*Asks:* 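Mind looking over this structure? Questions follow.
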Amino acid sequence: IAFPVSQLSRHISAPGPTHMAAAKHVLRYLRGTTHLGIVYSRDLPDHNTLLAFSDSDWATCPDTRRSVGAHVLLLNGGAIAWKTKLQGSVATSTAHAEFVAASLAADEVAYVRRILADLHAPQQTLTTLYEDNRAARMMGEKQASSSRTKHIDMRIFALRERVVDGTVRLVDCQHTWWLIYSPRIYPLLRFRVIVIHSWAELHTLLLLLGCPCASNSSYWSCFLSIPR
């Protein structure tokens with residue numbers, strides 16, 4: 001609920017009927033999913049291996065035209081760090097927005113890797129960072145650069161440093177990805193990160209697995225507010 005709560009907090013001083021209705025949707029979601037939670041497992045083939053995903057929309061905010069970026073870090077099948085945040089500047093392209101989101105995700109990866117090393121669980125390999133914008137990935141790997149990217153040079157070189165020093169490895173994520181944290185779904189799947197091409201496919205999967213949230217309209221009304 002991080003994203004809808006952050007959106008609602010902007011209107012806390014003078015909420016209107018629309019904001020109150022959205023707040024009630026969030027409360028209904030919480031009430032209907034009290035039995036769900038994040039589950040960690042030691043039986044995965046990539047035990048103690050950090051995995052990262054980043055994504056961004058483009059110019060969603062109607063007031064500032066800034067983009068919303070997000071990332072999530074997984075360890076042993078569950079999320080250990082995540083953030084959804086309005087970017088600090090206006091992105092002039094989808095690649096720009098996606099690149100800023102990936103750069104911030106790489107910073108988080110470097111921080112979490114240091115924490116894991118202090119906890120005597122150092123990462124033995126590069127951390128895979130999945131990004132669904134190929135232009136952003138190519139900029140991060142020095143395969144693409146032009147005068148159009150000069151305004152994001154600081155972020156470009158910051159992400160490239162993470163790639164060069166062996167902190168992260170950028171990988172194409174060809175389709176929209178969804179992370180499902182459900183104790184009921186997990187035993188039926190080998191991995192907890194699955195590729196879904198549309199909302200209809202996600203809904204169909206949940207119905208087939210007998211997940212109660214599939215028929216919960218309050219759940220979906222809140223979930224659909226998350227940027228895709």
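Side-chain atoms are counted along with the backbone in the values below, which use heavy atoms only and exclude waters and symmetry mates. Worth saying up front: this structure is predicted, and the values here are computed from it rather than measured.
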*Asks:* Closest approach of L44 and G77, non-hydrogen atoms and distance?
*Replies:* CD1-N, 3.3 Å
*Asks:* Test your reading of the model: is there a side-chain donor-acceptor pair from Y40 to the backbone of A79, 3.5 Å cut-off?
*Replies:* yes
*Asks:* Among L30, L27, L8, which residue satisfies the side-chain contact (heavy atoms from CB on, under 4.5 Å) criterion with I1?
*Replies:* L30
*Asks:* Would you say D55 and E98 make side-chain contact, with heavy atoms under 4.5 Å?
*Replies:* yes
*Asks:* For N76, which of D43, D46, N48 qualifies under side-chain hydrogen bond (donor to acceptor under 3.5 Å, both in side chains)?
*Replies:* N48
*Asks:* Identify the two heavy atoms, one from Q87 and one from S56, that lie closest to each other, and give their separation to 0.1 Å.
*Replies:* NE2-OG, 3.5 Å
*Asks:* Quick check for you: to the nearest 0.5 Å, what is the distance between S6 atom OG and K83 atom NZ?
*Replies:* 11.5 Å
*Asks:* Test side-chain contact (heavy atoms from CB on, under 4.5 Å) on V163 and V168; report intermediate values, then the result.
*Replies:* CA-CA 5 Å; V163 174; V168 299; 4.1 Å; yes
*Asks:* Under a 4.5 Å cut-off applied to non-hydrogen side-chain atoms, are I80 and L50 in contact?
*Replies:* yes
*Asks:* Would you say L104 ends up clustered with W58 if hydrophobic residues are merged whenever their side chains have heavy atoms under 4.5 Å apart, either directly or through other cluster members?
*Replies:* no
*Asks:* Look at atom CG of L119 and say whether more than 12 heavy atoms of other residues, nucleotides or ligands are closer to it than 6.0 Å.
*Replies:* yes
*Asks:* Might you work through the side-chain contact (heavy atoms from CB on, under 4.5 Å) test for V90 and T64, ending with a clear yes or no?
*Replies:* CA-CA 8 Å; V90 177; T64 64; 5.6 Å; no
*Asks:* Show the nearest heavy-atom pair for residues H96 and T92, with the distance to one decimal.
*Replies:* ND1-N, 3.2 Å
*Asks:* Rounded to the nearest 0.5 Å, what's the gap from CD on E108 to CG on L129? Could you check?
*Replies:* 11.5 Å
*Asks:* Using every non-hydrogen atom in the two residues, find where A102 and E131 come nearest and quote the distance to one decimal.
*Replies:* CB-OE1, 3.9 Å
*Asks:* Taking side chain as C-beta onward, heavy atoms only, is Y130 less than 4.5 Å from L51?
*Replies:* yes
*Asks:* Is a donor from one side chain sitting under 3.5 angstrom from an acceptor on the other, for T167 and R113?
*Replies:* no
*Asks:* State, to 0.1 Å, how close P15 and I12 come at their nearest heavy-atom pair, and which atoms those are.
*Replies:* CD-O, 3.6 Å
*Asks:* Does R162 reach the side chain of V109, with side-chain heavy atoms less than 4.5 Å apart?
*Replies:* no
*Asks:* Measure the spacing between OG of S9 and NE2 of H19 and express it to the nearest 0.5 Å.
*Replies:* 11.0 Å
*Asks:* Is there a side-chain contact (heavy atoms from CB on, under 4.5 Å) between V112 and L75 once you walk through the steps?
*Replies:* CA-CA 10 Å; V112 172; L75 188 70; over 6 Å; no
*Asks:* Drop me the distance from E161's CD to S103's OG, to the nearest 0.5 angstrom.
*Replies:* 10.0 Å
*Asks:* Begin from the C-alpha positions of L86 and R10 and carry the test side-chain contact (heavy atoms from CB on, under 4.5 Å) through to its verdict.
*Replies:* CA-CA 12 Å; L86 191 69; R10 301 180 190 177; 3.6 Å; yes
*Asks:* In this structure, would L126 and L74 fall into the same cluster of hydrophobic residues linked by side-chain contacts under 4.5 Å?
*Replies:* no
*Asks:* At what distance, to the nearest 0.5 angstrom, does CG of D107 lie from NE2 of H71?
*Replies:* 9.0 Å
*Asks:* Strictly distance-based, threshold 3.5 Å: is any side-chain N or O of R169 a donor or acceptor partner for the main-chain N or O of T128?
*Replies:* no
*Asks:* When you group the ILVMFWY residues by side-chain heavy-atom contacts below 4.5 Å and let the links chain together, are M20 and V5 in the same group?
*Replies:* no
*Asks:* Hydrophobic clustering (ILVMFWY, side-chain heavy atoms < 4.5 Å, transitive) - are V164 and M138 grouped together?
*Replies:* no
*Asks:* CZ/F99 to CG/L170 distance, rounded to the nearest 0.5 angstrom?
*Replies:* 8.0 Å
*Asks:* Heavy atoms only: give me the nearest I38-G78 pair and the separation to one decimal.
*Replies:* CG2-CA, 3.7 Å
